[in-house]
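For reference, the structure discussed in these notes is given below.
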Amino acid sequence: LEDWGLSAGVINRTSPWDAFRYAHTNALPGLASAHLSIVHDSSASVVSLAYDVDGITGTALMCSGLELAGFKQVQKFLPNRFLEGYGVTPNTIDKFHADGVNWIITVDTGITALEEIKYAKSLGMKVAVVDHHQQGDELPGADYILNPQQRACSYPNPFLCAAGVSYKLIEALWVRVHKDKAKGSPKLNPEQLLDLFTLGTLADMMPVGGENRTLLKKGLQILRNSPRPGIQALIQTAKIEAPELRSQDVLFRLTPMLNSSGRMGDPTLALDLLLATNEQDAALKIEKITKTNIERRAIEDEIWQKALVAKEELELAEGPQEVLVLADKTWHQGVIGIVAAKLVEKFAVPVAVCAIDKEGTLKGSCRTPPGYNWHKALGGQSDLLGKWGGHACAAGFSLDVVNVSAFRTRLNTAAKELNRKVYNTEEIKTHVHISINKINLNKLKSILKGIARGCKISNCELVGGETAEMPGTYEKGK
């Protein structure tokens with residue numbers, strides 16, 4: 001805890017799990033003015049986003065929060081990756097404008113949508129960007145930008161996902177709404193939205209220190225007992241006992257099901273599940289999602305096998321690849337990110353897996369071991385790219401098929417200048433250092449209980465001393 005910036009006095013007075021209090025909401029740049037403007041504007045609001053669980057839960061949280069605050073004109077929009085594409089596009093803006101929409105709130109997208117937001121503003125629409133992706137050289141000309149990854153942002157928790165930023169906006173909005181209501185009116189408690197925050201934060205694999213840890217601790221408790229019929233249907237379908245639900249269950253069992261509808265085309269099905277108001281509706285939605293997830297697995301397995309063959313053929317023709325770029329016109333755009341992650345795990349190199357559409361445009365999904373920065377790498381090749389953006393460890397881009405060879409060559413040339421050891425998946429990252437004389441069997445049991453269900457300690461033995469190395473040789477998997 002001292003390594004995380006807490007004084008000994010605070011540590012002694014506070015339970016370790018609650019040691020981090022909520023970061024002050026209005027410290028997030030743009031938040032105070034954004035929520036005031038939204039409160040005093042009765043025009044329609046729209047939520048537009050990406051297709052993954054963070055975007056879906058962020059949208060569900062935003063819609064629920066606005067509706068519970070009394071907004072009557074909340075429209076929901078999630079793009080079909082094959083029909084509308086990613087994020088805000090001119091076509092969707094035209095649709096909003098024709099429907100009389102005055103407010104667009106983007107969730108999990110928008111920070112690089114400079115031209116699209118400029119177009120929306122030219123039509124007289126207001127835009128609030130709620131995002132957590134890295135910015136480009138310029139910021140969009142939105143009315144409000146809420147993004148802890150802005151370079152000028154000093155918010156103490158830069159690791160909020162889109163659902164997290166949505167939560168902070170709704171939290172501030174509800175405080176304002178309550179102040180404007182008559183005395184004695186029921187107060188809205190933002191903690192009721194923490195089940196959605198928890199799904200989004202864990203699915204997007206955000207760091208769980210600081211404010212995130214505080215919110216996730218409470219959020220997991222709420223998630224286990226969520227009153228949302230859709231979440232209960234999701235937990236039951238995954239065959240999880242709700243009282244035993246852990247973060248690993250969210251990441252490896254709930255997330256793939258919620259992601260499947262967006263991967264296969266339309267994420268609206270997952271959003272409708274989360275917002276279902278009765279058990280019958282939730283049952284219908286989860287049945288469709290289960291079928292979609294089975295289809296997703298079959299397609300993923302097929303592309304995985306083809307990707308292994310494509311890697312072999314590429315390296316036979318061009319030699320070993322420092323950055324692996326694979327593309328095929330038969331690959332499904334919705335699952336290439338999963339395949340890229342599996343290739344990183346197997347070969348420990350940065351990977352971009354691309355699907356080629358009928359117009360000859362590649363849609364690429366990037367993953368990497370620690371140490372390589374895909375956002376920086378794509379920025380260096382931006383003259384070849386269409387849309388691009390994301391994070392250091394995961395990003396996406398579009399590219400004309402005629403440029404794929406130059407793109408691959410330039411990435412590999414740049415990567416050769418790096419020390420390959422800086423992105424080594426075998427690195428062990430530690431979060432806490434503790435003196436060996438403070439470890440005992442009970443503490444180990446307590447630690448392991450939170451890591452792996454069913455893990456039992458058969459023996460605990462002190463090896464070596466305070467400064468001695470542990471004897472023996474240890475291999476991966478043993």
Side-chain angles (χ1 to χ4, degrees), residues 29-30 34 37-38 41 43-52 54-56 58-59 62-63 74-151 161-162 165-166 169 262 265-268 271 333 357 359 361-365 375 378-379 381-391 395-400:
S37 181
I38 294 170
D41 195 321
S43 61
S45 299
V46 168
V47 182
S48 171
L49 71 154
Y51 345 89
D52 66 1
D54 183 25
I56 293 167
T59 299
M62 187 74 73
C63 291
V74 181
Q75 296 186 35
K76 302 179 285 291
F77 174 78
L78 291 81
N80 182 306
R81 69 169 67 232
F82 301 113
L83 299 179
E84 290 95 8
Y86 178 87
V88 184
T89 65
N91 286 339
T92 57
I93 292 171
D94 286 339
K95 178 182 180 299
F96 298 156
H97 187 251
D99 290 342
V101 170
N102 295 326
W103 258 106
I104 298 177
I105 305 175
T106 73
V107 178
D108 203 24
T109 185
I111 195 66
T112 59
L114 276 67
E115 292 303 317
E116 293 84 353
I117 290 175
K118 183 179 179 181
Y119 178 56
K121 294 289 296 174
S122 73
L123 297 176
M125 306 169 83
K126 293 183 179 180
V127 181
V129 172
V130 177
D131 203 353
H132 73 124
H133 293 95
Q134 294 184 29
Q135 70 173 82
D137 293 335
E138 297 180 51
L139 287 172
D143 295 89
Y144 307 102
I145 299 175
L146 280 65
N147 185 339
Q149 288 293 329
Q150 292 177 77
R151 285 193 281 271
C161 64
V165 183
S166 298
L169 175 57
D266 188 1
T268 303
L271 177 64
Q333 184 186 331
D357 66 20
E359 285 73 38
T361 299
L362 277 76
K363 302 291 179 63
S365 187
H375 191 271
L378 292 177
Q381 315 301 327
S382 60
D383 60 308
L384 296 177
L385 304 176
K387 285 187 173 183
W388 65 276
H391 305 285
F397 63 89
S398 63
L399 172 75
D400 194 297

Determine whether the side chains of Thr89 and Thr92 contain a donor N or O and an acceptor N or O closer than 3.5 Å. yes

Can you name the closest pair of heavy atoms from Gly55 and Val107 and give their distance? O-CG1, 4.3 Å

If I take atom CG from residue Asp94 and atom CG from residue Leu123, how far apart are they, to the nearest 0.5 angstrom? 6.5 Å

Could you tell me which non-hydrogen atom of Pro79 sits nearest to which non-hydrogen atom of Pro267, and how far apart they are? O-CD, 3.3 Å

Please find the pair of heavy atoms, one from Ala128 and one from Trp103, that lie closest to each other, and give the distance. CB-CZ3, 3.6 Å

From CG (Leu385) to OG (Ser398), nearest 0.5 Å: 7.0 Å

How long is the straight-line distance from CD1 of Ile104 back to NZ of Lys126, given to the nearest 0.5 Å? 13.0 Å

Let's go through Val101 and Met125 carefully: what are the C-alpha distance in whole Å and the side-chain angles of both, what is the deciding distance for side-chain contact (heavy atoms from CB on, under 4.5 Å) to 0.1 Å, and is it a yes or a no? CA-CA 7 Å; Val101 170; Met125 306 169 83; 4.1 Å; yes

For a quick test of reading the model, state the closest non-hydrogen atom pair linking Thr112 to Gly136 and the distance between them. CG2-N, 4.3 Å

How would you list, by chain and number, every residue that makes a side chain to side chain donor-acceptor pair (under 3.5 Å) with Gln134, sequence neighbours excluded? His375

How far apart are the closest heavy atoms of Ala113 and Pro140, and which atoms are they? O-CB, 4.2 Å

Which of Val130, Leu139, Asp131, Val165 passes side-chain contact (heavy atoms from CB on, under 4.5 Å) with Asn147? Answer is Asp131

His97 side, atom NE2; Asn102 side, atom CG - distance, nearest 0.5 Å: 8.0 Å

For the residue pair Phe96 and Phe77, does the interplanar ring angle fall in the parallel (under 30°), tilted (30 to 60°) or perpendicular (over 60°) class? perpendicular

Looking only at atom types and distance, does a side-chain atom of Asp54 sit under 3.5 Å from a main-chain N or O of Ala162, one as donor and one as acceptor? yes

Any chance you could measure Lys76, atom NZ, to Met62, atom CE, to the nearest 0.5 Å? 13.5 Å

For the side chain of Asp143 and the backbone of Val127, is there at least one donor-acceptor N/O pair under 3.5 Å apart? yes

So, Asp357 side chain and Glu359 main chain: donor-acceptor pair closer than 3.5 Å or not? yes

Shortest non-hydrogen pair, Trp388 vs Gly379, comes out as CH2-CA, 3.5 Å

Spacing of CD1 belonging to Ile145 relative to CD1 belonging to Ile111, to within rounding of 0.5 Å: 5.0 Å

Mind checking whether Ile117 and Val88 have side chains closer than 4.5 Å, heavy atoms only? no

Please determine whether the number of non-hydrogen atoms from other residues, nucleotides or ligands lying under 6.0 Å from atom CG of Asp137 exceeds 12. no

